[in-house]
Amino acid sequence: MTDSAKPTLMVVDGHSLAYRAFFALPVENFTTKDNQHTNAIYGFLSMLVNLIKAERPTHMAIAFDTSRHSFRTDEYPEYKATRSETPSEFKGQIPLLHDCLAAMSIPVLTKEGIEADDILATLSVQGSAQGYDVLLVSGDRDTIQLVNDEVTLLYPSVQGVSQLKRYDPVAVQERYGVRPEQYPDIAALVGETSDNLPGVPKVGEKTAVKWLTQFGSLDELLERAEEIKGVVGGNLREHMDDVRRNRKLNRLLIDVELPVGPADLAVAPIDAQAVRDIFARLEFRTLLPRVFEAVGATDEPVHDEPAVQVPVPVESAPAEFAAWLPAQTGELGLTLVTAGGRVTRIGVAGETELREGDWSDEMADALRAWLESDAGKVLNDAKKQVKALLRERIRLGGLRYDTLLAGWLMRPSFPDKTLAHLVDRYLGEKLPEADPSQLVPETDGATPAQEAWFTLRAAVALREAMPESVTAVLTDIELPALLVLADMEAAGVAVSHDVLSTFSGELLTRTDGLAAEAFALVGREFNLGSPKQLQEVLFEDLQLPKTRKTKTGYSTDAAVLADLQESHPHPFLALLLQHREATKLRQIIESLDSAIGKNGAIPDDHRIHTTYVQTGSQTGRLSSTDPNLQNIPVRTEESRRIRSAFEVGEGYETLLTADYSQIEMRIMAHLSGDAGLIEAFNSGEDLHRFVGARVFGVEPEEVTSAMRTKVKAMSYGLVYGLSAFGLSKQLRIEQAEAKKLMLEYFARFGAVRDYLRASVLQAKEDGYTETIFGRRRPFPDLSSPNRVLRENAERAALNAPIQGSAADIMKIALNRIHADLRKGGLGSRVLLQIHDELVVEIAPGEWDRVEQIVRTQMAGAADLSVPLDVQVGAGRDWNEAAH
DNA sequence: ATCCAGACGTA
DNA sequence: CGTACGTCTGGATG
């Protein structure tokens, strides 16, 4: 940091520094889950943050080359011609780096035909003329010529990108033995291999410096070249043209026409939300706080406007509170503070008047009528509060809006997680929050009624911003589903501890035995659960061939082990696979067992109460956590024993399971209008048999199980944007055969391909996909210049309307079933939703009526051009009911 | 304590 | 080089 009052202009050669970072940081450690490399971006930003912190520039810009072509290549086509092709892994990172810099409000400067260093040169001359201290950051030695009393160069040292050497005129003199402006003369004599500029043979830095000192200037030297004796003298005389050319090319332009000057480059506040978004996408976690720290912002929603005047709530006793409510017109914001699943405080907000008070039995009695009434209410993250009210035997009525759900529907890929974020984004205001790091907080957090007030106002802004079709999804699908999910979570599902622990005991005996056998085979004990130790055993002790590479070594996953077993059979492999399987089951059992009676269970209910995260997916599906009941094993006979622990609860008669068969394929038939596929579903024939017959040109009864497997994989793969490569991998067939299979398939079901293509194109045009019911998902990456990003987005965009429509249909069915059960005064209740399956607990004597309701509402949830087929089963436990 | 990678369960 | 999720473990980090 300088003591002077002079402003500091920092100009960075983005390309050269990002390129150094690209080679300096191991790509294995910098790859996102969708395979986007980020090492250059990370390294560059990391260094930039350090620079900003250390140098505190008042003005800043990053210059980039536009392409390899420049005025220098026009003059000398061989310029930089020996450089190897820029790796595409690097090029792909540049647009993303630009996005990061834009979010950080740092100007990026480029100019066609001009190299970044020329921009540095021009700005450095302008800057020093206009009274700035200039800091240049570049990995290109040509920039040394720009150094003077006002201009300092930071140059990456050999040790690494994070180490920058500071060159002022003295440092240049020390390092190179000449004044900065003479450096290009040396470079011209010595040549620059990396730029493909040959110099004088046998002349290095030492000789060049000696000559220049002796003759005073390059011109003088060339003039009097005859005076130099020996071989080098001859060389110099032979290569005078090369030297002149080099000197011409390494002279940086100081008069590039730029749209901005130093004064326009004043450091601006960063767009905190944009930075959070792009860093989330790049999976930069540790970098985020460093950025905020460096620019002096906090990692909290920021805004420029002064804090709004928040009305002061009136602390109200039950009777007074109850009397106030009916006098209010229009919707009210509502916030229930909960702790341990119980209501502790309530706040209600109109536009200007706010009321709140502690929860008590008296308060519950006083407010019950209003809470249960159809009077309009707006909440943020209502489900938890609805559940807490259920425990007070209050059923919330009049739920008109949930800002958290609305925020998710607006941006399903980056849902705002808290009211504070929503208030920041949609109101541009800051929700008062107590600083938890301070013993005596400077600022008080918002009270419940104040949160309700912000919620109410955020809802207004969200309604304004939300497209009509999305609003329909919110009011017709999501808000009713929220209430159903609250009931399902509160109900929980009965799980037998005895069944689980018996099974777990058996598995423990087995895993111990398998481990002992495995250790005997290997000759030592180790941790079978450690991929790292396992690699030592497989590839060193047992000398098995190396498998697919991962970030940290070689893969030991099940598919790889199965391949190994085929090519290099070894008894250890089978033991390992069995051990893995049994261990996995034990883990699942253990986590289920420990979840019994938790999360809002009433004492000794022996039930598991999962939490459905309504905003948990980008497509519209639910997710289930704590524990996840949507991934309970089903594929193997043995694993289904876990399902048999899910039992019908006391006071109920049986479990009913109902699932949609091939709902995604049916949606694809509907959306594509493919006549063959529609016929398949209307024919009543087994889908894969029907498709197999068409694809292979045989009668349905002649479709072999191998054929059926192939078309089945193909059909399902279609929904995910499968490639011939992926299909060949899954079916373990040649790529050529997979390609042929795809061609045959599309020859028969061409409208499917047409639809998939058109749907991605449409998404590219709109910037988002849409389900049958109007749920949207934005896909900005469909037009990304980065191939990895773009192709990933294309597959996701292909899948989103299909998976999303299926999710919509299930939610609609769920809502209607729930409504019918209540309307019919039935005691039966829906317990679980597993994407295309429902589990219902049937009260005594209600089977027939409930089965009728479930079948009707599931089949009738959408009017497609193919029927929605529903399979129903019954049993004392989940496994039995699934048959 | 917290984060990440690898592995694996579901639709 | 097939979409959408959550959870567990070991191992490295602070």
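Every value quoted in this text rests on a predicted model; they were computed, and no experiment measured them. Chain letters run A, B, ... following the sequence lines, proteins first and then strands; every chain starts at 1.
With hydrogens and angles disregarded, a donor-acceptor distance shorter than 3.5 Å links the side chain of T610(A) to the backbone of P627(A). Looking at Q565(A), its side chain does come within 3.5 Å of a backbone N or O of H570(A) through a donor-acceptor pair.
Residues R643(A) and E880(A) are not paired through a salt bridge, judged by the lack of any N-O separation under 4.0 Å between the basic side chain and the carboxylate. Ion pairing between E737(A) and K710(A) holds under the 4.0 Å rule for side-chain N and carboxylate O. A salt bridge links E506(A) with R641(A): the distance from a Lys NZ or Arg NE/NH1/NH2 to an Asp or Glu carboxylate oxygen falls below 4.0 Å. In this structure, R276(A) does not pair ionically with D416(A), as no charged nitrogen and carboxylate oxygen lie closer than 4.0 Å. Between E638(A) and R510(A) a salt bridge is recorded (basic side-chain N to carboxylate O distance below 4.0 Å).
A sub-4.0 Å separation between OP1 or OP2 of dA5(B) and a side-chain N or O of T552(A) is absent. Residue Q533(A) places at least one side-chain N or O under 4.0 Å from the OP1 or OP2 atom of dG11(C). The side chain of T625(A) contributes no N or O atom lying less than 4.0 Å from OP1 or OP2 of dG6(C). The shortest distance between the side-chain N/O atoms of N631(A) and the OP1/OP2 oxygens of dG6(C) is not below 4.0 Å. The phosphate of dT10(B) has neither OP1 nor OP2 within less than 4.0 Å of any side-chain N or O from S624(A). A close approach under 4.0 Å does occur between a side-chain nitrogen or oxygen of Q618(A) and OP1 or OP2 of dC5(C). Close to dT3(C), at under 4.0 Å from its OP1 or OP2, lies no side-chain N or O of T619(A).
For a distance-only test at 3.5 Å, the side chain of N628(A) fails to qualify as a donor-acceptor partner of the base of dG6(C). Judged by distance alone with a 3.5 Å cut-off, no donor-acceptor contact links the side chain of Q630(A) to the base of dG9(B).
L798(A) comes within 4.0 angstrom of no nucleic acid atom, judged by non-hydrogen atoms across all strands. R621(A) comes within contact range of at least one nucleobase, with a heavy-atom separation under 4.0 Å. Among the protein residues, G717(A) comes within range of the nucleic acid bases, having at least one heavy atom under 4.0 Å from a base atom. A800(A) comes within 4.0 angstrom of nothing in the nucleic acid, heavy atoms only. At the heavy-atom level, V613(A) lies nowhere under 4.0 Å from the strands shown. As judged by a 4.0 angstrom heavy-atom cut-off over every strand, E791(A) is placed among residues making no nucleic acid contact. Nucleic acid contact class of R777(A) (heavy atoms, under 4.0 Å, all strands): sugar-phosphate only. Across all strands, S639(A) comes closer than 4.0 Å to no nucleic acid atom at all (heavy-atom distances). The residue K532(A) sits close only to the backbone: its heavy atoms come under 4.0 Å of sugar-phosphate atoms, none of a base.
One interatomic measurement links the two molecules: CG of L727(A) to C1' of dC1(C), which rounds to 12 Å at whole-angstrom precision. Atom C1' of nucleotide dG6(C) and atom CG of N599(A) are separated by 15 Å, given to the nearest angstrom. Separating the CG atom of L282(A) from the P atom of dC4(B) is a distance of 14 Å, rounded to the nearest angstrom. Atoms OH (Y612(A)) and C1' (dC5(C)) sit 13 Å apart, rounded to a whole Å. Between Q535(A) atom CD and dA5(B) atom P there is a gap of 15 Å when expressed in whole angstrom units. The interatomic distance linking L622(A) (CG) with dT10(B) (C1') rounds to 14 Å, in whole Å. Taking atom CZ of R795(A) as the reference point, atom P of dA4(C) lies 9 Å away to the nearest angstrom. Residue Y720(A) contributes atom OH, which lies 10 Å from atom C1' of dT10(B) at whole-angstrom precision.
Checking dG10(C), dA7(B), dG2(C) against the side-chain heavy atoms of D557(A) singles out dA7(B) as nearest. The side chain of A796(A) approaches dT3(C) more closely than any other nucleotide in the set dT3(C), dA5(B), dA11(B). When each of dG2(C), dT3(C), dG9(B) is scored by its nearest atom to the side-chain atoms of P633(A), the top-ranked nucleotide is dG9(B). In this structure, of dA11(B), dA7(B), dG11(C), it is dG11(C) that holds the atom nearest to the side chain of S530(A). Each of dG6(C), dT3(C), dA7(B) was ranked by its minimum atom distance to the side chain of T556(A); first place goes to dA7(B).
For the ring pair (Phe, Tyr, Trp, His ring centres under 6.0 Å) test, no residue two or more places apart in sequence or in another chain qualifies with W408(A). A search for salt bridge (charged side-chain N to carboxylate O under 4.0 Å, His left out) contacts involving R775(A) returns E478(A), D808(A), not counting sequence neighbours.
For the pair V493(A) and M488(A), the minimum side-chain heavy-atom distance is 4.5 Å or more.
Between G616(A) and A724(A), the residue anchored closer to the 5' end of DNA chain C is A724(A), taking for each the nucleotide with the nearest heavy atom.
Residues from residues 580-591 of chain A placing a heavy atom under 4.0 Å of any atom in DNA chain C, listed by number, are Q587(A), S591(A).
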